[in-house]
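Please read these numbers as outputs of a predicted model, since none were measured by experiment. Within every chain, numbering begins at 1; the chains are lettered A, B, ... in the order of the sequence lines, protein sequences first and strands thereafter.
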Protein chains: 2
Amino acid sequence: MVAYRVDVAGDLFKALADPTRRTILDELTERSGQTLFEICARLSMKHRLGISRQAVSQHLAVLEAAGLVESRREGRYKFHDLNTAPLRRIAERWLAPDPSGPEESTP
Amino acid sequence: MVAYRVDVAGDLFKALADPTRRTILDELTERSGQTLFEICARLSMKHRLGISRQAVSQHLAVLEAAGLVESRREGRYKFHDLNTAPLRRIAERWLAPDPSGPEESTP
DNA sequence: ACGATAGGCAACCACACACTTGCCTATCAA
DNA sequence: TTGATAGGCAAGTGTGTGGTTGCCTATCGT
């Protein structure tokens, strides 16, 4: 059987394709466990990004779907933590030719 | 001085965001130095991708702009080679916190 | 010279996606 | 309970982008 490797990389690369999302990852790298409003404030202040709260929320949803961010709810706060695990697997695909084949399931 | 790091990662991640382009990279990994028509044939045959030659050509242009593919012209043939150098720098950004700061120039 | 092969250029189409707007729910403090 | 804070949901908009179609140039074989 071939094509074992499901293309879960799709979500990952798409998530990383947006500059705002990459900046959010930068912020979470600098300080993990931030809330939505904290991230909004930082993007606005130190990155001069005129962006709405909902936009940031949607970005966080994308990052979470890609497995790059994990969130935990406490009361009315929702904290966001960076998960670098998917990043470590990123380049493997083309750097180390996998014997099982590079096929995707359904591109 | 901060914000030395120009966001050249943008093109890279955008290039990787498309499944067809990732499949092209797979093919070039398996066999480097293919021509446009060879790549077209492989995408069509073993990947069942109904895609036009021009579409593949445009994908190759994107990959080349991202530095992932280099091309050399010989007569009427144009050979495409994989360049994995950009891939090695991919994950560094969030895995190894850079003292110079993670800032982008202009997102 | 002629046709065949390999590739490039430009305009058009359609969908995806980033972002906004408007309104709603939930938790906490007074 | 009331207001403020933190966040969610959903519809609408507009640009970006993957894809196509049509035509053009360049190189090779005969």
Does A:Phe79 sit in a hydrophobic cluster with other residues, and if so which ones, taking ILVMFWY side chains as linked at heavy-atom separations under 4.5 Å, directly or through other members? A:Tyr77
Only pairs under 3.5 Å count here: list side-chain donor-acceptor contacts from residues 62-71 of chain A, not counting sequence neighbours, and write none if there are none.
from    : atom 1 : to      : atom 2 : distance (Å)
A:Glu64 : OE1    : A:Ser71 : OG     : 3.4
A:Glu64 : OE2    : A:Ser71 : OG     : 2.6
A:Glu70 : OE2    : A:Asn83 : ND2    : 3.3

For B:Leu16 and B:Arg22, which heavy atoms make the closest approach, and how far apart are they? O-NH1, 2.7 Å
What closest approach, in Å, do A:Glu27 and A:Gln34 show between heavy atoms, and which atom pair accounts for it? O-NE2, 3.1 Å
To the nearest angstrom, the CG-P distance between B:Leu43 and D:dG19 comes to 10 Å
Using a cut-off of strictly less than 4.0 Å, decide whether B:His59 has a side-chain nitrogen or oxygen near OP1 or OP2 of D:dT17. no
Please report, rounded to the nearest Å, how far the C1' atom of D:dT17 is from the CD1 atom of B:Ile51. 13 Å
Can you name the residues that form a side-chain hydrogen bond (donor to acceptor under 3.5 Å, both in side chains) with A:Thr84, not counting sequence neighbours? A:Arg88
Residues which pass salt bridge (Lys or Arg N to Asp or Glu O under 4.0 Å) with B:Arg31, listed by chain and number, not counting sequence neighbours: B:Glu38
Listing time: all N or O pairs from protein to nucleotides 10-15 of chain D that are below 3.5 Å?
none

Contacts of A:Arg89 that satisfy side chain to side chain contact (heavy atoms under 4.5 Å, CB included) - sequence neighbours left out: A:Ala85, A:Glu92
Of B:Gln34 and A:Asp18, whose closest DNA chain C nucleotide lies nearer the 5' terminus? B:Gln34
Between A:Lys14 and A:Arg53, who's closer to the 5' end of DNA chain C by nearest nucleotide? A:Lys14
Value in whole Å for how far the C1' atom of D:dG19 lies from CD1 of B:Ile24: 13 Å
So which atom in B:Arg21 and which in B:Lys14 form the shortest heavy-atom distance, rounded to 0.1 Å? NH2-O, 3.1 Å
Rounded to the nearest 0.5 Å, the CG atom of B:Leu49 sits from the CD1 atom of B:Ile24 at a distance of 8.5 Å
Using a heavy-atom distance cut-off of less than 4.0 Å, which residues of residues 68-83 of chain B contact DNA chain D? B:Gly75, B:Arg76
Please identify each residue that fulfils side chain to side chain contact (heavy atoms under 4.5 Å, CB included) with A:Ser44, with sequence neighbours left out. none
Under 4.0 Å from any heavy atom of chain B: name the first and the last nucleotide of DNA chain C that qualifies, 5' to 3'. C:dA4 to C:dC9
Under the salt bridge (Lys or Arg N to Asp or Glu O under 4.0 Å) test, which residues partner A:Arg72, sequence neighbours left out? A:Glu74, A:Asp81
